[in-house]
> 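Here it is, the structure in full.
Heavy-atom basis, side chains included; hydrogens, waters and symmetry copies ignored. One-based numbering, in listed order, for ligands and for the atoms of each.
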Amino acid sequence: MSDPQREREVRELTDQELKKAREQRVFVLNPACPEPFLIQKAAQVIRDGGTVVFPTETVYGLGANGLDPRACEKIYKAKGRPSDNPLILHIAEPAHIEKLGRDLSDNVEKMAKAFWPGPLTMVVKKKDIIPKEATGGLDTVAVRCPVHPVAHQLIKASGLPVAAPSANLSGSPSPTKGEHVLSDLSGRVDLIITADASEIGVESTVVDMTGEVPVILRPGRITREDIEKAVGACRVSEAVTSMSEPAHPASPGMKYTHYSPGAEVVLLEAGDSLEKIERDRRAHPDAVYAVMGAESYQERFKGETFYSLGNDPKEFENRLFSSLRALDEDGITRAAVILPEDTDQTLASRDRLMHAAGYAYL
Ligand code: TXA
Ligand code: MG
C-alpha cells in the first residue's frame, strides 16, 4: 500500500510551485501528425536540460536529457522517485541502441527488428557516456524505441536519448490520459504535451538481454510467446510469476509499491466464489465499496458501483490504470477486483493489479 504521509509530502506544493502550476505550459498536439513548430519548442526544452511530459503508445512519459545528470535528477525530484530506481532511455531509431549499449547479442538485433518501434524495453550493458544518475548506479541501461508519433518526433528533434519514466507521481497508477499528468505533475515540470489517450495503457515489456536467454522483468503487451517466436527461448522472471511479494525483485523498480490508488484494493481469482465479495463488503460497512472486473461480471453486480474492464485482455489492460485512478476521483475507499484468468496475454494486468493491491487477496 502507498504511504499516505509520503503521498501528502509529494503532493504538497510550495508557493513557488503553485505559481508555476498556474502558469504551466501545456501543448495540445495532434497525435497522428504533431505540429513541427511545437515539437521543435519542446525539443529545445529537453536540450536546455528541462523536463517535458509527452505521450507514448504505452503510458505518458516524463522526459529529460538522458545524458545530463542534472536533467535526470530533475525527473526524480518531479516524480518523488527513489534515486536507485533506474530510468528508461528512449531513442528515435532502433539502430541508436548501439550508441548506448555494449556487447549487444544477436538476440538484441532480432528483438529490435521484431518489436521496434513499439512497447518493448531492452536492458543491455551500458556504455560510459550514460551517467549513473540515469541508471541508478547500475552497469546496465534500459532502452526503448517508442512508436507514438509525438514521442518519436520529440526524441528525434532533441537529437538525444530521452530518459523517461512513466509521468505519474511515484507510487500512483501510470498516466494514460492528458488529464492524469495534469493532475499529477502540473507545476513540477517545464512543459506538458498532451495528445490522445494511450493506445496500450500499460507500460512496456522490460526484458533483460544481458544473458543467453531473454528474461522478462516486467510483463507488458509484448508477451513471452511473442518473444519466443522472434528469438526462440524466453523466460519470465520468478519475481513476476510468483503470486506473492518477491524476496528479490526482478528489477529495481519492482520492489516499490506501485500503481496504487488511495482506495484499498483487494483481489479475487476469476474462479473464486463471488460471494467472497459480498462477505467482504459486510465486513467493511463504512467503506465506499466498488467492484471491478471484466464486462461479463457487470450483470452479476447490477445496482453496485461496478467498473468494467471490458471484454478481452487488451481492453482490460487499456482500462486498468484509468479505472484505478477513477476509484479515487469517485471517492471509493475499498474495491474488490476480479483478476483475469491467468494466461500469457493477461500477465501484465495481473502483475499491475497485484502491485496495486500490495498482494492482498480476499
Ligand atoms: O512504457 C514504458 O516503459 C514507459 C514509457 C514512458 O516509455 N516508461 C516506464 O518507465 O514505465 P518507468 O521508469 O516507470 O519504469 C521503468 C522500469 C522500472 O521497473 C525499472 O526498474 C526498470 O524499468 N529498469 C530500468 N532500467 C533498468 C535496468 N538497468 N535493469 C533492470 N531494470 C531496469
Ligand atoms: Mg513507472
Side-chain angles (χ1 to χ4, degrees), residues 51-64 66 72 75-76 78-91 97 100-101 115-127 130-148 150-152 154-155 161-176 180-181 184-185 193 198-211 214-222 237 239-240 246 248-260 317 321 348 351-352 355-356:
T51 46
V52 178
V53 171
F54 60 96
T56 86
E57 68 276 17
T58 55
V59 300
Y60 275 74
L62 161 52
C72 292
I75 292 178
Y76 287 100
K79 272 184 69 100
R81 176 175 172 125
S83 61
D84 64 343
N85 187 358
L87 305 173
I88 294 175
L89 296 199
H90 294 68
I91 53 179
I97 191 172
L100 306 176
F115 304 114
W116 275 356
L120 169 78
T121 295
M122 289 197 270
V123 172
V124 295
K125 288 203 182 128
K126 82 171 190 74
K127 281 193 170 159
I130 304 166
K132 63 178 188 325
E133 286 77 4
T135 63
L138 296 176
D139 185 37
T140 51
V141 61
V143 185
R144 172 158 120 79
C145 181
V147 72
H148 193 291
V150 174
H152 173 74
L154 174 65
I155 300 159
V162 175
S166 47
N168 50 294
L169 285 175
S170 193
S172 43
S174 293
T176 57
H180 300 159
V181 289
D184 272 23
L185 294 178
I193 301 176
S198 309
E199 188 192 328
I200 293 175
V202 290
E203 309 89 340
S204 61
T205 308
V206 177
V207 187
D208 180 355
M209 298 300 297
T210 59
V215 182
I216 295 179
L217 305 180
R218 180 179 71 182
R221 176 62 58 89
I222 293 170
S237 158
V240 175
H248 305 288
S251 78
M254 303 303 259
K255 74 172 176 266
Y256 300 104
T257 306
H258 262 83
Y259 323 118
S260 303
E317 246 171 36
F321 283 141
D351 169 75
R352 303 311 190 272
H355 281 91

> Could you tell me which atoms of ligand 1, counted from 1 in the order shown, lie closer than 4.0 angstrom to a heavy atom of S166?
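Within the 4.0 Å cut-off of S166, ligand 1 contributes 8 (N), 9 (C), 10 (O), 12 (P), 14 (O).
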> For I88, counting its heavy atoms only, list the atoms of ligand 1 lying under 4.0 Å from any of them.
3 (O), 8 (N), 9 (C), 10 (O), 16 (C)
> Within the 4.0 Å heavy-atom shell around L138, which atoms of ligand 1 are there?
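Checking each atom against L138, I get 28 (C), 29 (N), 30 (N).
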> Within the distance-only criterion (no hydrogens, no angle test), does the side chain of D351 pair as donor or acceptor with the backbone N or O of P219 below 3.5 angstrom?
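No; zero donor-acceptor contacts below 3.5 Å.
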> Assess the side chains of S166 and E203: does a donor N or O sit below 3.5 Å from an acceptor N or O?
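No, because no side-chain N or O of S166 sits under 3.5 Å from a partner of the opposite role on E203.
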> Quiz question: by atom type and distance under 3.5 Å, do the side chains of T121 and S204 form a donor-acceptor pair?
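Side-chain D/A pair, T121 to S204: present.
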> Passes side chain to side chain contact (heavy atoms under 4.5 Å, CB included), T176 versus Y60? Steps please.
CA-CA 6 Å; T176 57; Y60 275 74; 5.8 Å; no
> If you apply the rule side chain to side chain contact (heavy atoms under 4.5 Å, CB included), what do you find for L185 with L169, and how did you get there?
CA-CA 7 Å; L185 294 178; L169 285 175; 4.1 Å; yes
> Between S166 and the Mg ion (ligand 2), is there a contact where an N/O/S atom of the residue lies under 2.8 Å from the metal?
yes
> Distance-only, no hydrogens or angles: does the T205 side chain make a donor-acceptor pair with backbone N or O of I222 under 3.5 Å?
yes
> With a cutoff of 4.0 Å, is A164 in contact with ligand 1, counting heavy atoms of the residue only?
yes
> Taking non-hydrogen atoms only, is N85 closer than 4.0 angstrom to ligand 1 via side chain, backbone, both or neither?
side chain
> Out of all atoms in ligand 1, which are within 4.0 Å of some heavy atom of A142? Include the element for each.
25 (C), 26 (N), 27 (C)
> Can you tell which part of T140 has a heavy atom less than 4.0 Å from ligand 1: side chain, backbone, both or neither?
both
> Provide the number and element of each atom of ligand 1 under 4.0 Å from a heavy atom of S204.
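Every atom of ligand 1 under 4.0 Å from some heavy atom of S204: 1 (O), 2 (C), 3 (O).
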> If you measure from atom 13 (O) of ligand 1 to every heavy atom of R221, R81, K125, which option wins on shortest distance?
R81
> Look only at the side chain of S237 and the backbone of A239, and say whether a donor-acceptor pair between them is shorter than 3.5 Å.
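Answer holds: yes.
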> Ligand 1 and Y60, any nitrogen or oxygen pair closer than 3.5 angstrom?
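No, Y60 has no N/O under 3.5 Å of an N/O on ligand 1.
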> Of all the heavy atoms in L87, does at least one lie under 4.0 Å from an atom in ligand 1?
yes
> Under the rule for salt bridge (charged side-chain N to carboxylate O under 4.0 Å, His left out), what residues qualify as partners of E57, not counting sequence neighbours?
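Checked E57 against salt bridge (charged side-chain N to carboxylate O under 4.0 Å, His left out); matches are R144.
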